[in-house]
2 protein chains.
Amino acid sequence: MDLRQLRSLVTLVETDFSVSRAAERLNLVQPAVSQHLKQLEAELGCHLVQRQGKRLLGLTKAGDAVLHQARGTLAGVANILAIGRDQAEDRGGVLRLGTTHSQARYVLPPLIRRFRQAFPAVEIQLHQASPEQLVTMLLRDTVDLAICTEAIAQHPELLATPCYRWNRCLIAPLGHPILVQRPISLELLGEQPLVTYVAGFSGHGHFLATFGREGLKPRLTVGAADADVIKTYVREGFGLGIIADLAYDPHADADLGRRDLSHLFPWEVTRLALSRAKYPRAFQGAFMDLFQNEAAAEVRLRQGHEG
Amino acid sequence: MDLRQLRSLVTLVETDFSVSRAAERLNLVQPAVSQHLKQLEAELGCHLVQRQGKRLLGLTKAGDAVLHQARGTLAGVANILAIGRDQAEDRGGVLRLGTTHSQARYVLPPLIRRFRQAFPAVEIQLHQASPEQLVTMLLRDTVDLAICTEAIAQHPELLATPCYRWNRCLIAPLGHPILVQRPISLELLGEQPLVTYVAGFSGHGHFLATFGREGLKPRLTVGAADADVIKTYVREGFGLGIIADLAYDPHADADLGRRDLSHLFPWEVTRLALSRAKYPRAFQGAFMDLFQNEAAAEVRLRQGHEG
DNA sequence: AGAATTTACGCGGTCCGTAACCATG
DNA sequence: CATGGTTACGGACCGCGTAAATTCT
């Protein structure tokens with residue numbers, strides 16, 4: 001058996017069973033990948049992919065099991081290379097961070113600034129995606145670390161550590177009556193047109209569930225994946241905005257009023273996650289420490305800006 | 001990087017850094033293994049083994065980390081091959097069981113008989129060793145499964161499931177006064193010369209600790225690794241025997257009297273363990289089920305033979 | 001007909017084994 | 001001086017790429 005055969009199998013799956021695209025990704029020609037598969041199946045004595053003539057449809061049961069092991073095996077060799085680069089005192093490298101917009105835009109900048117001072121030779125790549133996508137990106141080793149609130153705590157192949165908690169605030173154009181109304185209740189929110197996150201992002205599930213528990217259904221006018229877009233629609237008069245507290249910027253958002261909503265909704269926990277199979281390089285570990293230790297303080301700072 | 005290089009590294013460690021013996025095990029010549037190491041170190045850009053001239057002494061820190069990953073990686077490819085053999089409906093194969101004497105001699109026979117009926121084409125190898133050795137054998141994939149009482153429950157890389165519990169009994173030549181003495185106490189045992197297991201086997205640690213808690217120190221005349229040897233010395237008059245309950249055979253040991261001691265000592269738990277990294281072949285999984293489900297009943301049956 | 005996969009074949013690299021060389025106790 | 005490890009070199013194997021054949025849309 002050869003590692004290249006395993007790489008071909010894994011890549012084939014990740015290209016939706018297109019041999020040619022897989023070959024392209026691997027810097028090989030079609031026949032090479034084709035042969036890899038044939039060799040693997042020959043050595044194992046069973047088919048790994050379901051075929052219909054020459055068309056590849058999907059994995060067989062055996063193929064799925066092999067895929068899983070192949071991923072683990074390739075992770076092992078990647079780890080070995082990582083150990084080498086670490087040990088050789090190679091201060092350079094790439095830190096691929098998977099994040100949602102909220103993190104990249106509001107939480108990460110000061111932390112990354114500090115990280116860069118410690119590791120100036122490391123290139124930082126921010127891969128923005130939805131939480132579900134981040135999970136598969138971690139599993140496929142497309143990113144090294146991922147930071148997000150949803151979907152990441154449960155997966156058995158990931159190691160997720162809680163880093164900080166946050167809640168929501170309401171934003172509205174200055175002068176809007178709700179900004180001076182004394183107590184803000186769920187019922188009150190339920191009557192208003194709302195602009196907030198779309199499903200899958202920033203605690204939207206808990207958001208809806210909270211209304212649901214009270215037998216209410218919010219009037220959502222626009223849903224977006226990030227707070228910047230939400231703010232824009234709030235400014236355009238589409239309704240009240242409900243965003244993560246930490247996404248409110250007192251300076252840039254001076255034209256928007258803000259009210260805390262943490263008495264209405266559950267706290268959300270943002271986690272830093274990586275694949276259990278992964279050996280983190282020194283600077284990756286350093287970033288993890290940095291984020292785990294200082295993200296909470298950073299967020300409190302932002303929330304302290306409260307006007 | 002090549003899998004053969006990793007194999008060479010792992011084998012080198014397991015041969016105490018003898019390149020020639022490693023080469024022999026791998027069916028290669030010395031220079032090949034030597035080159036594998038050189039290639040690996042070249043690719044990683046750091047030394048993996050500490051050298052003194054041409055003599056190899058041990059692993060460097062990096063080498064140790066690489067070794068661990070290499071083991072995992074090779075386990076992955078072994079698993080892939082196992083999946084293949086399974087899927088190809090290959091009913092044959094080898095089941096390598098690591099056991100202590102007690103298991104092989106008293107618990108396993110009827111279970112293995114039943115297993116053989118279901119999988120007649122599977123060769124069963126019983127590798128007898130001490131519990132500590134069994135742990136390393138599992139980690140090195142020298143055995144597929146191990147059954148023992150000690151040392152195996154804690155290791156984080158092993159998955160151990162409790163299967164049955166047992167306690168000790170006392171054996172003595174027929175006619176010995178202790179066989180009719182009403183209550184048997186620790187103090188009474190402490191006065192007598194005893195023959196029992198040696199350290200590391202069959203709950204010897206708990207045995208000593210129980211005496212220690214009462215401020216007693218047993219008079220041990222002979223220590224042995226298995227009950228058969230202990231019985232022999234009891235017959236020879238070296239003292240009272242204390243063995244695992246299930247090791248008493250009413251027929252073969254009719255010349256020895258037996259008294260239960262479960263009121264004096266803690267119950268021991270025997271576990272079936274395998275490496276977490278291992279993908280068990282179908283028949284290996286079947287044996288695990290068999291043992292986990294039926295070992296307890298088997299042991300109760302033996303204990304029911306009580307005369 | 002065209003896109004995509006498999007088969008056929010030749011070249012180049014590489015990996016192993018033999019042989020010579022070298023350190024160490 | 002013998003044991004064990006490294007260096008040097010040649011042959012065999014194998015894996016990739018080019019090109020032709022095949023099959024399904």
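Below, chains carry the letters A, B, ... as their sequence lines are ordered, and counting in each starts from 1. Atoms considered below: every heavy atom in the structure, side chains included; atoms not considered: hydrogens, waters and symmetry mates. From a predicted model like this one, the values you see are computed outputs, not experimental measurements.
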For atom CG of B:Leu40 and atom P of C:dT14, their distance in whole Å: 16 Å

A:Arg55 CZ: over 12 foreign heavy atoms closer than 6.0 Å: no

Closest to the A:Val19 side chain, choosing from D:dG17, D:dG4, C:dT6: C:dT6

With A:Leu3, the side chain to side chain contact (heavy atoms under 4.5 Å, CB included) member among B:Leu6, B:Leu3, B:Asp2: B:Leu3

Spacing between B:Gln52 atom CD and C:dA23 atom P, to the nearest angstrom: 14 Å

Residue A:His47 excluded, over 12 heavy atoms near NE2 under 6.0 Å: no

Sugar-phosphate, base or nothing in reach of B:Val29, heavy atoms under 4.0 Å: base

From D:dA8, D:dG5, C:dC16, nucleotide with atom closest to B:Pro31 side chain: D:dA8

Nearest-nucleotide comparison on DNA chain D, the residue closer to the 5′ end among A:Gln5 and B:Gly53: B:Gly53

Presence of B:Arg51 side-chain N/O under 4.0 Å of D:dG5 phosphate oxygens OP1/OP2: no

Whole-Å gap separating C1' (D:dT3) and CZ (B:Arg21): 12 Å

Phosphate OP1/OP2 of D:dG5 contacted by B:Ser20 side-chain N/O (<4.0 Å): yes

Integer-rounded Å distance: C:dA4 C1' and A:Leu12 CG: 13 Å

Listed nucleotide nearest any side-chain atom of B:Lys38, set D:dT7, D:dC16, C:dG17: D:dT7

Side chains of B:Thr161 and B:Arg271 in contact at under 4.5 Å (non-hydrogen atoms): no

Length of the line joining B:Lys54:NZ and D:dG5:P, which is rounded to integer Å: 10 Å

Nearest-Å distance for atom pair CG/P, residues A:Leu56 and C:dA4: 13 Å

Integer-rounded Å distance: D:dG15 P and A:Leu26 CG: 16 Å

A:Gln39 vs D:dG15: side-chain N/O to OP1/OP2 distance below 4.0 Å: yes

B:Leu28 CG - D:dG5 C1' separation (whole Å): 15 Å

Any A:Ser34 side-chain nitrogen or oxygen under 4.0 Å from OP1 or OP2 of C:dT5: no

Nearest listed nucleotide, side chain of B:Gln35, among D:dT25, C:dC16, D:dG4: C:dC16

Positive for side chain to side chain donor-acceptor pair (under 3.5 Å) with B:Gln5, one of B:Glu41, B:Gln39, B:His36: B:Gln39

Phosphate contact (D:dC16 OP1 or OP2) by A:His36 side-chain N/O below 4.0 Å: yes

